[in-house]
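In what follows, a single structure is set out as structure tokens and then discussed.
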Amino acid sequence: MSNEPIALNQALASFDALWSPRIVTRVNDYDVRVAKVEGEHVWHVHDHTDEFFLVLDGELDISLREADGARTVTLATGSVFTVPRGTEHKPSSPSGASILLFEPSGTLTVGDRHDEVPAHVDATTGHAL
């Protein structure tokens with residue numbers, strides 16, 4: 001990773017794959033990843049880490065299965081949300097979105113436990129930009 005400024009719009013323009021995050025930089029032991037998303041991801045859980053979402057463009061829904069029931073949060077452009085560790089969740093975006101994720105390096109995009117991974121979802125720890 002270089003220590004130069006990164007334009008997120010240029011980083012996002014450099015790839016087309018959906019649900020396949022690119023690592024734009026690292027902060028201590030955390031990856032800062034950007035991804036293009038559309039349609040549905042997969043129900044999954046990160047047992048040991050929270051997952052931070054920032055919507056750069058578009059709208060992202062995150063369905064949650066929490067101890068007191070199920071709910072869906074909708075994030076518009078500029079919104080942030082953190083899914084607490086151990087919470088089963090499923091991101092989706094019917095019309096598409098660009099997002100930024102902040103999570104420990106090596107975190108698998110489909111979590112530690114997940115439903116069957118469909119072909120359109122990349123089970124990765126992030127790709128180099």
Looking only at heavy atoms, which two atoms of Thr109 and His41 are closest? And how far apart?
O-CE1, 3.3 Å

Among Leu56, Leu18, Ile99, which one satisfies side-chain contact (heavy atoms from CB on, under 4.5 Å) with Lys36?
Leu18

Val55-Val80 co-clustered via ILVMFWY side chain contacts under 4.5 Å
no

Contact summary for Ser14 and Leu129, nearest pair of heavy atoms:
OG-CD1, 3.6 Å

Nearest 0.5 Å, please: how far is CD in Glu38 from OG in Ser92?
11.0 Å

Does any non-hydrogen side-chain atom of Val73 lie less than 4.5 Å from one of Arg71?
yes

Rounded to the nearest 0.5 Å, what separates atom OG1 in Thr25 from atom CZ in Phe102?
10.0 Å

If hydrophobic clusters are built by linking Ile, Leu, Val, Met, Phe, Trp and Tyr wherever their side-chain heavy atoms come under 4.5 Å apart, do Val32 and Phe53 end up in the same one?
no

Are the side chain of Arg33 and the backbone of Thr125 linked by a donor-acceptor contact shorter than 3.5 Å?
yes

Asp50 vs Thr82, test: side-chain hydrogen bond (donor to acceptor under 3.5 Å, both in side chains). Steps then yes/no.
CA-CA 7 Å; Asp50 300 336; Thr82 300; over 6 Å; no

Check: Ser98 main-chain N/O paired with Asp57 side-chain donor or acceptor under 3.5 Å:
no

Count the heavy atoms of every other residue, nucleotide or ligand shown that sit under 6.0 Å from OH of Tyr30, and state whether that count exceeds 12.
no

Give me the atom names and distance for the closest heavy-atom approach of Pro104 to Thr107.
O-OG1, 2.6 Å

When you compare the side chain of Ile62 with that of Val83, does any pair of heavy atoms fall below 4.5 Å?
yes

Can you check whether Asp47's main-chain N or O pairs, donor with acceptor, with Asp112's side chain at less than 3.5 Å?
yes

Given side chains that start at C-beta, do those of Trp19 and Asp122 come closer than 4.5 Å, heavy atoms only?
no

Can Val34 be reached from Leu101 by stepping across I, L, V, M, F, W or Y side chains whose heavy atoms are under 4.5 Å apart?
no

Honestly curious: do Leu75 and Leu54 fall in one hydrophobic cluster under the side-chain, below-4.5 Å linking rule?
no

Might you point out which heavy atoms bring Ala123 and Leu108 nearest each other, and give the distance in Å?
C-CD1, 3.9 Å

Do we see a donor-acceptor contact under 3.5 Å between the side chains of Asp61 and Thr72?
no

Cluster link Val24 to Phe52, ILVMFWY, side chain under 4.5 Å
yes

Correct closest heavy-atom pair for Pro21 and Ala35 would be CA-CB, 3.9 Å

Measuring centre to centre across the rings, with the benzene-like ring taken for any Trp, is His46 within less than 6.0 Å of His48?
no

Under 6.0 Å from the CG atom of Asn28, do we count more than 12 heavy atoms belonging to anything else shown?
no

Counting only N and O atoms by type, is there a donor-acceptor contact under 3.5 Å from the side chain of His89 to the main-chain atoms of Val45?
no

Taking atom CG of Asp31 and atom OG of Ser105, what is their separation to the nearest 0.5 Å?
3.5 Å

Test item: Pro91 and Leu60 side chains (from C-beta on) under 4.5 Å apart, heavy atoms
yes

When you measure from the side chain of His44 to the backbone of Val117, do you find a donor-acceptor pair of N or O atoms at a distance under 3.5 Å?
no

Can you see whether Ser20 engages Arg22 through a side-chain donor-acceptor pair at a distance of less than 3.5 angstrom?
yes

